[in-house]
Chemist: 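One structure, pasted below without further comment.
These figures come from a predicted structure and were not determined experimentally.
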Protein chains: 2
Amino acid sequence: MSDISDPPARRTLTLRDVSEASGVSEMTVSRVLRNRGDVSEATREKVREAARALGYVPNKIAGALASNRVNLVAVIIPSMSNMVFPEVMGGINAQLEETELQPVVGITDYLPEKEEKVLYEMLSWRPSGIIIAGLEHTDAARAMLQNSGIPVVEIMDTDGTPVDCCVGISHRRAGREMAEAILAAGYRRIGFMGTKMALDHRARKRYEGFVEGLAKGGVELADWEFYEGGSALGKGRELTAAILDRTPDLDFLYFSNDLIGAGGLLLAQERGLDIPGRLGMAGFNGVELLQGLPTKLATIDSCRKEIGREAAKMVMARADGSLPAETVSLTPSLDPGETMRTV
Amino acid sequence: MSDISDPPARRTLTLRDVSEASGVSEMTVSRVLRNRGDVSEATREKVREAARALGYVPNKIAGALASNRVNLVAVIIPSMSNMVFPEVMGGINAQLEETELQPVVGITDYLPEKEEKVLYEMLSWRPSGIIIAGLEHTDAARAMLQNSGIPVVEIMDTDGTPVDCCVGISHRRAGREMAEAILAAGYRRIGFMGTKMALDHRARKRYEGFVEGLAKGGVELADWEFYEGGSALGKGRELTAAILDRTPDLDFLYFSNDLIGAGGLLLAQERGLDIPGRLGMAGFNGVELLQGLPTKLATIDSCRKEIGREAAKMVMARADGSLPAETVSLTPSLDPGETMRTV
DNA sequence: GTATGCTACGTTAGCGCCATCATGCAGTGC
DNA sequence: GCACTGCATGATGGCGCTAACGTAGCATAC
């Protein structure tokens with residue numbers, strides 16, 4: 001008796017509640033809410049109305065378990081503060097937008113053990129596909145990817161052997177091409193500046209390609225500087241000051257990304273150096289954010305958005321079986337900006 | 001007969017497989033893998049070994065359904081390319097790191113309908129909590145938050161009425177304080193530059209607070225400029241050129257964020273304007289990225305990381321019932337940098 | 001009239017796991 | 001000897017949903 005006026009017992013709603021409220025079976029409610037199967041328009045309306053009135057939100061956990069289908073795509077990347085990865089995410093998002101699929105992000109902080117942990121966690125939700133940055137994984141992680149039985153797309157990098165599909169650019173080649181362009185422009189006393197890259201394999205490959213490209217032209221790095229922690233203008237400024245003080249006759253500085261490059265550029269300009277005559281400079285990534293600096297830094301585009309889009313497409317195609325394992329290597333373009341002599 | 005040599009049928013593994021491989025019941029395996037309940041060390045080892053050998057990955061979908069517990073926290077934010085939000089995420093991540101909880105991100109693109117959709121989608125996974133940016137939601141979204149029965153923390157902004165908990169800063173007050181500081185420094189011909197902010201409520205509140213602050217000092221905005229789309233150095237440069245050409249006697253420019261502010265600053269310096277004597281400038285956010293520009297822009301810190309951390313803490317505390325609904329308003333500090341006259 | 005096909009539902013049997021309770025079995029106290 | 005305690009493990013039921021199949025009811029065909 002008393003419970004008539006009790007506050008609505010806050011049990012969470014189920015299909016049964018909607019089914020009772022609308023006078024049809026749970027199955028029919030399920031069909032209506034998923035837009036599946038034959039249900040008359042009259043019933044559909046009745047059910048939808050009841051669901052709305054109750055404030056019913058389906059339980060995807062139960063749905064996924066019953067149907068063995070999950071509309072999630074795991075995206076595993078090293079960092080969100082790198083600017084590169086949010087842009088890749090943008091591409092993935094854009095591509096998945098029109099589909100049922102939803103990206104779910106995991107962050108590894110460039111740590112292999114953490115990657116392994118995050119991957120395990122992600123797989124335990126049985127996603128429909130995995131997009132994961134890089135080709136270097138622990139043995140256990142690689143095994144998980146292989147055994148997962150779902151589409152795997154490794155992104156960013158194509159220098160290596162993918163588990164399944166792969167889309168990215170060759171960072172080794174990007175480094176080599178920059179070296180060639182620098183030599184072609186007549187620079188000879190060349191310095192390098194980048195992260196301590198034990199775990200950033202792509203930065204390492206660019207560096208290796210760069211050194212190799214110089215070597216082919218008979219030139220060795222004149223000086224170098226490695227740093228730890230995030231990239232920012234301040235860091236580039238600081239390191240550039242250090243390297244220029246130490247080796248004043250450098251005529252080119254290659255930075256492993258645009259942001260520290262821009263910092264270096266600002267410093268060099270403050271010091272009144274003739275850019276690109278006396279000193280040339282180049283970065284990597286082609287970030288848009290920096291369009292607007294007084295001088296445009298030479299760079300190589302890393303095709304971030306396109307990689308994201310392509311990766312999402314590959315996951316979908318692989319899921320419906322319309323694609324064999326393949327590697328797509330995009331071709332980034334070198335933009336000499338205003339900080340390299342033109343030949 | 002023939003199937004002895006068939007390739008291992010790639011059914012996905014279940015507890016039962018591990019249980020058979022290790023000779024104990026499913027229940028015991030479950031206990032071992034979750035580190036729960038009394039299981040002898042000998043059995044533990046046996047089970048773990050079997051699970052590892054098989055490459056078993058638990059099915060959280062089934063686990064969540066059975067236990068009615070999900071270790072996910074939904075984080076709903078407008079954008080990932082705004083730099084502000086990745087930093088908030090950083091704070092959330094840092095705080096959740098040591099717990100079982102995992103953030104899952106949804107992006108709304110500043111669109112109320114999309115927010116509603118994303119929220120519905122998120123709730124259908126029955127997360128343990130929700131962190132959502134802003135206090136303005138559609139009626140339906142607000143109802144969902146209220147009915148969800150889980151902790152809700154609205155972040156970034158405290159000017160309004162939260163559904164449950166809330167942590168952020170008062171943007172209205174931030175705008176007002178900047179106005180007061182500008183007037184105190186003796187500037188009088190003041191221009192404003194910001195996004196067309198129909199949907200960016202926080203930018204709008206800063207603007208309103210700013211105008212209000214000026215009004216209290218008997219000053220009106222001398223000129224203003226609104227733009228659409230993302231914020232970048234280039235945009236700030238362009239708009240600043242326009243506003244300075246149109247109203248050359250401006251003696252202060254207030255930008256609704258640091259990035260366009262920095263663009264404006266670079267342009268003003270190229271034009272050889274005396275900063276902060278002839279022209280003062282200020283932005284908003286206190287982004288670290290820009291430390292390293294030749295001149296440090298005046299700004300107000302938006303406490304991003306702290307908001308993230310606090311929000312995560314509140315979700316946890318609210319989940320275990322140790323916290324009543326509350327609003328935490330952080331106090332951002334104004335940094336005059338080098339672009340405001342000192343009084 | 002029976003056969004046939006079609007639409008619009010309902011019924012049943014799980015999906016893989018975990019909360020809960022039951023159980024066996026050793027050791028302990030008197 | 002018997003109850004009692006504590007520990008390690010097993011059996012059972014069900015979380016909320018959906019795939020697959022079943023069927024009532026009506027229309028059409030001959």
Side-chain angles (χ1 to χ4, degrees), chain A residues 10-48 50-51 54-72 100 121 123-128 148-149, chain B residues 10-48 50-51 54-72 100 121 123-128 148-149:
Chain A
R10 293 302 303 289
R11 220 178 22 78
T12 70
L13 298 165
T14 73
L15 269 191
R16 146 153 263 129
D17 297 294
V18 183
S19 116
E20 281 169 1
S22 55
V24 298
S25 72
E26 295 180 35
M27 196 57 229
T28 300
V29 176
S30 167
R31 279 195 271 250
V32 171
L33 298 180
R34 286 178 299 143
N35 280 313
R36 204 144 310 194
D38 304 311
V39 182
S40 71
E41 195 44 55
T43 310
R44 294 190 106 79
E45 200 36 60
K46 204 167 50 178
V47 169
R48 273 197 283 255
L54 291 172
Y56 173 72
V57 178
N59 184 332
K60 288 222 179 184
I61 295 175
L65 183 62
S67 67
N68 198 27
R69 262 182 281 117
V70 179
N71 70 334
L72 266 23
E100 297 283 73
E121 181 79 13
L123 286 177
S124 73
W125 286 102
R126 303 288 188 263
S128 293
S148 67
Chain B
R10 291 304 303 286
R11 219 177 24 78
T12 70
L13 298 165
T14 74
L15 271 190
R16 146 153 263 125
D17 296 293
V18 183
S19 117
E20 280 169 3
S22 55
V24 298
S25 72
E26 294 180 35
M27 199 54 233
T28 299
V29 175
S30 168
R31 280 196 269 250
V32 171
L33 298 180
R34 286 176 301 142
N35 280 314
R36 204 146 310 201
D38 303 312
V39 182
S40 71
E41 193 46 54
T43 310
R44 293 191 108 78
E45 199 37 59
K46 203 167 52 179
V47 169
R48 272 199 282 256
L54 290 172
Y56 172 72
V57 178
N59 184 333
K60 289 222 179 185
I61 295 176
L65 184 62
S67 68
N68 198 27
R69 261 183 280 117
V70 179
N71 69 335
L72 266 25
E100 297 282 74
E121 180 79 15
L123 285 178
S124 73
W125 286 102
R126 302 290 189 262
S128 294
S148 67

Chemist: For the backbone of A/Ser25 and the side chain of A/Ser19, can you confirm whether one donor and one acceptor N or O come within less than 3.5 Å of each other?
Modeler: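 No, the answer is negative, given that no donor and acceptor are paired below the 3.5 Å cut-off.
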
Chemist: So what does B/Asn68 touch, heavy atoms closer than 4.0 Å: a base, only the sugar-phosphate, or nothing?
Modeler: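 Result for B/Asn68 = nothing.
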
Chemist: Specify the closest pair of heavy atoms between A/Trp125 and B/Ile61, including all atoms of both residues, with the distance to one decimal.
Modeler: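 Reported closest heavy-atom pair: O-CD1, 3.4 Å.
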
Chemist: Kindly give the heavy-atom pair with the smallest separation between B/Arg69 and B/Arg36, and that separation in Å.
Modeler: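 Taking B/Arg69 first and B/Arg36 second, the nearest heavy atoms are NH1-NH1, 3.9 Å.
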
Chemist: So what does A/Leu65 hit on the nucleic acid, given a heavy-atom distance under 4.0 Å: a base, only sugar-phosphate, or nothing?
Modeler: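 Contact class for A/Leu65: base.
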
Chemist: Provide the closest heavy-atom pair for B/Val39 versus B/Thr28 in the form atom of the first, atom of the second, distance.
Modeler: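 Shortest heavy-atom separation between B/Val39 and B/Thr28 comes out as CG1-CG2, 4.1 Å.
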
Chemist: Between the side chains of A/Arg126 and A/Glu121, is the shortest nitrogen-to-carboxylate-oxygen separation below 4.0 Å, so that they form an ion pair?
Modeler: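 Answer for the salt bridge query: no.
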
Chemist: A/Asn71 CG to D/dT18 P: how many Å, rounded?
Modeler: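 Roughly 12 Å, once rounded to whole Å.
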
Chemist: As a quick check of understanding, evaluate salt bridge (Lys or Arg N to Asp or Glu O under 4.0 Å) for A/Arg48 and A/Glu41, giving each step before the final call.
Modeler: CA-CA 10 Å; A/Arg48 273 197 283 255; A/Glu41 195 44 55; 3.5 Å; yes

Chemist: Check whether any side-chain nitrogen or oxygen of A/Thr14 sits under 4.0 Å from OP1 or OP2 of D/dC15, and answer yes or no.
Modeler: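 Looking at the OP1 and OP2 atoms of D/dC15, neither is under 4.0 Å from any side-chain N or O of A/Thr14.
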
Chemist: Can you tell me if B/Ser67 uses its side chain to pair, donor with acceptor, with the backbone of B/Gly63 under 3.5 Å?
Modeler: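 Side chain of B/Ser67 to backbone of B/Gly63, a donor-acceptor pair under 3.5 Å: yes, one is there.
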
Chemist: For A/Ser67 and D/dT18, is the shortest distance between a side-chain N/O and OP1 or OP2 below 4.0 Å?
Modeler: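 No, A/Ser67 has no side-chain N/O under 4.0 Å of OP1/OP2 on D/dT18.
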
Chemist: Please list, in 5' to 3' order, the outermost nucleotides of DNA chain C lying under 4.0 Å from any heavy atom of chain B.
Modeler: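 First-to-last contact on DNA chain C, by the 4.0 Å heavy-atom rule, is C/dG16 to C/dA19.
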
Chemist: Take A/Val24 and A/Val29, measure what side-chain contact (heavy atoms from CB on, under 4.5 Å) needs, and give me the verdict at the end.
Modeler: CA-CA 7 Å; A/Val24 298; A/Val29 176; 3.7 Å; yes

Chemist: Can A/Glu26 and A/Arg31 be counted as an ion pair, charged N to O under 4.0 angstrom?
Modeler: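 So A/Glu26 does not pair with A/Arg31 through a salt bridge.
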
Chemist: How does each nucleotide of nucleotides 20-28 of chain D score, in 5' to 3' order, for protein heavy atoms under 4.0 Å: base (B), sugar-phosphate only (S), or none (-)?
Modeler: B--------

Chemist: Do B/Leu15 and B/Leu33 have side-chain heavy atoms sitting under 4.5 Å apart?
Modeler: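 Yes. Closest side-chain heavy atoms under 4.5 Å.
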
Chemist: Give, ordered by number, those residues of residues 33-44 of chain B having at least one heavy-atom distance below 4.0 Å to an atom of DNA chain C; if nothing qualifies, reply none.
Modeler: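 The answer is B/Arg34.
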
Chemist: Output yes when a side-chain donor or acceptor of A/Ser22 lies under 3.5 Å from a complementary backbone atom of A/Val18, and no otherwise.
Modeler: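 The answer is yes, because a donor-acceptor pair under 3.5 Å joins these two groups.
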
Chemist: Rounded to whole Å, how long is the line connecting atom CZ of B/Arg126 with atom P of D/dG16?
Modeler: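 Rounded to the whole Å, the gap is 9 Å.
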
Chemist: Roughly how many Å is it from CH2 in B/Trp125 to C1' in D/dC17, rounded to a whole number?
Modeler: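 Result: 12 Å.
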
Chemist: Roughly, in whole Å, what's the span from CD1 in A/Ile61 to C1' in D/dG14?
Modeler: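 Value for this atom pair: 15 Å.
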
Chemist: Which is more 5' along DNA chain D, the nucleotide nearest A/Lys60 or the one nearest B/Glu26? Just name the residue.
Modeler: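 Going by which nucleotide is closer to the 5' end, it is B/Glu26.
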
Chemist: Select from B/Val24 and A/Ala66 the residue whose nearest nucleotide in DNA chain D is closer to the 5' end of that strand.
Modeler: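 Nearer the 5' end of the strand: B/Val24.
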
